[in-house]
Protein chains: 2
Amino acid sequence: MLEAVAEFLAVSGIEVVARARDGEEALARIAERQPAVALVDVRMPGIDGLEVARRARRAAPGTSILLYTGYGDRAVLAEAFDAGVGGFVLKEAPLDDLLRAVRTVAAGKTYVDPVLAASAIGPSTAPRLTPRERDVLRLLADGLSNEEIGKELFISAETVRGYIRKAMDKLGADTRTEAVAAALRQNLIA
Amino acid sequence: MLEAVAEFLAVSGIEVVARARDGEEALARIAERQPAVALVDVRMPGIDGLEVARRARRAAPGTSILLYTGYGDRAVLAEAFDAGVGGFVLKEAPLDDLLRAVRTVAAGKTYVDPVLAASAIGPSTAPRLTPRERDVLRLLADGLSNEEIGKELFISAETVRGYIRKAMDKLGADTRTEAVAAALRQNLIA
DNA sequence: GCGAGGATCCCCGTTTCGGGGGAGGGCTGC
DNA sequence: GCAGCCCTCCCCCGAAACGGGGATCCTCGC
């Protein structure tokens, strides 16, 4: 897969300066080569693509991150742009789209997969949760109590309650249970 | 859709004795004509296919119900066979499969869509919830309290608690919230 | 006809939740 | 450098949920 994509880009006139198999390696290569564009998979062992994007902004401010993944929804898209990525392409997209995306972000613009864009511009009813709020909801969905969640996240049970209340507020839920259900239904947590 | 299927069956040598647009009508026709096989959609306005199957067993004991729907999972499959249906076919299946299914159940045997069967014979980890348990979890996911659920279902809040506890038990959940999350994840409720 | 299982209801003491409030520290982007 | 957001923690109150028990009734299948 990695080889195939690199090969395709190379024959299409894009200079491929490096390849990496995981997040650590990707970051190292990005810092080292300072490429114009870094094509990064969201799902990777260790550091995921989003995290790579966040860190790369410091390590290589001139590099545009182009996320390349098999799946995307409103939530990850929003998070991705928060992380400062330059574009987002689905693996199912035709290879020409990938090429266009690379060139677009290389030019400093933003590229979003058209399929994804269609679903993202619709009524983005799904509220934005902070990472902490999501952590808490996830653990809540696994049946942990405030106390247990606190231990898990190294924060106090009171703080946990605070996050839950904020999440309930954002999701328009009357109970913590409804908040978890809403988050699940809207793919805000898994 | 209805017409197309009827047409196909007719030209394939199956005698189509009646058609119906909803559950009520289907039941009436089944009772009236006592067909060997009734091809029924699960999702219908008013009485759904499962309910039609249950009632048809009384109204027409000799009729085999063949459910025909666009979507299916372990849970509905299990419920379907509890309701006494003779077979289950997905709309995505090739038309030949539909034909085979009709002939199979007409012969008094059971037919299950091969795609569905594959997923159903796997580790059926999803527990069985009673209708009442599902009702309660659904309302719980909508943020209602025990009291409110009770009013909604015309039962006491204590009874509601009882169902929730049973559902928690079946789902291996420690909290009502986890029970709802588990039910959502396993498509036991929507 | 008898057992299994579903649906219904109840009690009681303990814990947690829901809903307010406030408050400080830190990073970040403009 | 300052506003804004996130993370963190704390207090109070009344209401609700929890845990674990038991109990009755009815229907359906064998």
Side-chain angles (χ1 to χ4, degrees), chain A residues 51 53-58 61 78-79 81-85 127-141 143-182 188, chain B residues 51 53-55 57-58 61 78-79 81-84 127-181 188:
Chain A
E51 192 52 35
R54 272 185 279 266
R55 299 199 197 175
R57 256 203 302 182
R58 304 242 172 131
E79 209 176 339
F81 285 113
D82 276 358
V85 313
R128 311 287 311 277
L129 299 181
T130 70
R132 239 20 185 173
E133 286 160 0
R134 258 174 277 133
D135 289 342
V136 168
L137 287 184
R138 233 185 313 259
L139 295 173
L140 208 47
L144 305 201
S145 66
N146 292 338
E147 202 77 41
E148 292 168 324
I149 294 173
K151 282 199 182 92
E152 194 74 27
L153 298 177
F154 305 107
I155 57 181
S156 94
E158 281 300 320
T159 307
V160 172
R161 282 194 2 130
Y163 290 139
I164 296 175
R165 276 188 293 155
K166 272 195 198 105
M168 282 166 55
D169 202 41
K170 288 184 183 177
L171 293 161
D174 291 329
T175 64
R176 54 181 54 212
T177 300
E178 185 184 3
V180 167
L188 295 170
Chain B
E51 192 53 36
R54 272 185 279 267
R55 299 199 197 175
R57 256 204 302 181
R58 307 244 172 126
E79 209 177 339
F81 285 112
D82 276 0
R128 313 286 312 278
L129 299 180
T130 68
R132 239 17 184 176
E133 287 160 359
R134 257 174 278 134
D135 289 343
V136 168
L137 287 184
R138 234 186 312 262
L139 294 174
L140 208 47
D142 287 340
L144 305 200
S145 66
N146 292 338
E147 201 77 41
E148 292 168 326
I149 296 173
K151 282 198 182 93
E152 194 72 28
L153 299 177
F154 304 107
I155 57 182
S156 94
E158 282 302 318
T159 307
V160 172
R161 285 208 333 131
Y163 289 139
I164 296 175
R165 276 187 293 155
K166 269 192 200 113
M168 283 166 57
D169 202 42
K170 288 184 182 176
L171 293 161
D174 291 328
T175 63
R176 54 180 53 206
T177 299
E178 185 185 3
V180 167
L188 295 170

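Heavy-atom basis, side chains included; hydrogens, waters and symmetry copies ignored. Order of the sequence lines fixes the chain letters, A, B, ..., with proteins taken first and strands second; residue numbering starts at 1 for each chain.
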| task | Measure the distance from CG on Asp169(B) to P on dG21(D) and round it to the nearest whole Å. | result | 11 Å
| Quick one: how far along DNA chain C does chain A reach, first to last nucleotide 5' to 3', anything under 4.0 Å to a heavy atom? | dC17(C) to dG29(C)
| task | Check whether any side-chain N or O of Thr159(A) sits under 4.0 Å from OP1 or OP2 of dC10(D), and answer yes or no. | result | no
| said: By the 4.0 Å heavy-atom rule, please label Ser145(A) as base, sugar-phosphate, or nothing. | reply: nothing
| Charged N-O contact under 4.0 Å between Lys151(B) and Glu148(B) | no
| query | Tell me: CD of Glu147(A) to C1' of dA17(D), nearest whole Å? | reply | 17 Å
| message | Using the side chain to side chain donor-acceptor pair (under 3.5 Å) definition, which of the options Lys170(A), Lys166(A), Arg165(A) pairs with Glu133(A)? | response | Lys170(A)
| request: Nearest 0.5 Å please: distance from the OH atom of Tyr163(A) over to the CD1 atom of Ile149(A). | output: 12.0 Å
| message | Under 4.0 Å, heavy atoms only, any strand: does Asp135(B) hit a base, just the sugar-phosphate, or nothing? | response | nothing
| task | Would you mind reading off the distance between Tyr163(A) atom OH and dC5(D) atom P, rounded to a whole angstrom? | result | 16 Å
| Once you round it to whole Å, what is the distance between C1' of dA17(D) and CG of Asp174(B)? | 15 Å
| query | What nucleic acid atoms does Arg176(A) come within less than 4.0 Å of, heavy atoms only: base, sugar-phosphate, or nothing? | reply | sugar-phosphate
| Roughly how far, to the nearest 0.5 Å, is the CG atom of Leu137(B) from the CE atom of Met168(B)? | 10.0 Å
| query | Between Leu140(B) and Thr177(A), which heavy-atom pair has the shortest distance, and what is it? | reply | O-CG2, 3.8 Å
| request: Using whole Å, report how far NZ of Lys166(A) lies from C1' of dC9(D). | output: 11 Å
| remark: Ile164(A) CD1 to dA16(D) C1', in whole Å, measures 15 Å
| Partner set under side-chain hydrogen bond (donor to acceptor under 3.5 Å, both in side chains) for Arg161(B), not counting sequence neighbours | none
| Nearest-angstrom distance from the residue atom CG of Leu140(A) to P of dA17(D) | 15 Å
| said: Quiz question: going by heavy-atom distance under 3.5 Å, is there a donor-acceptor pair between the base of dG19(D) and the side chain of Arg165(B)? | reply: no
| message | So, does Arg161(B) get its side chain near the phosphate of dA17(D), meaning an N or O under 4.0 Å from OP1 or OP2? | response | no
| note | Closest to the 5' end of DNA chain C, once Asn146(A) and Glu158(A) are matched to their nearest nucleotides, is Asn146(A)
| query | Who passes side chain to side chain contact (heavy atoms under 4.5 Å, CB included) against Arg134(A), sequence neighbours left out? | reply | Glu79(A), Leu129(A), Pro131(A), Arg138(A), Ile189(A)
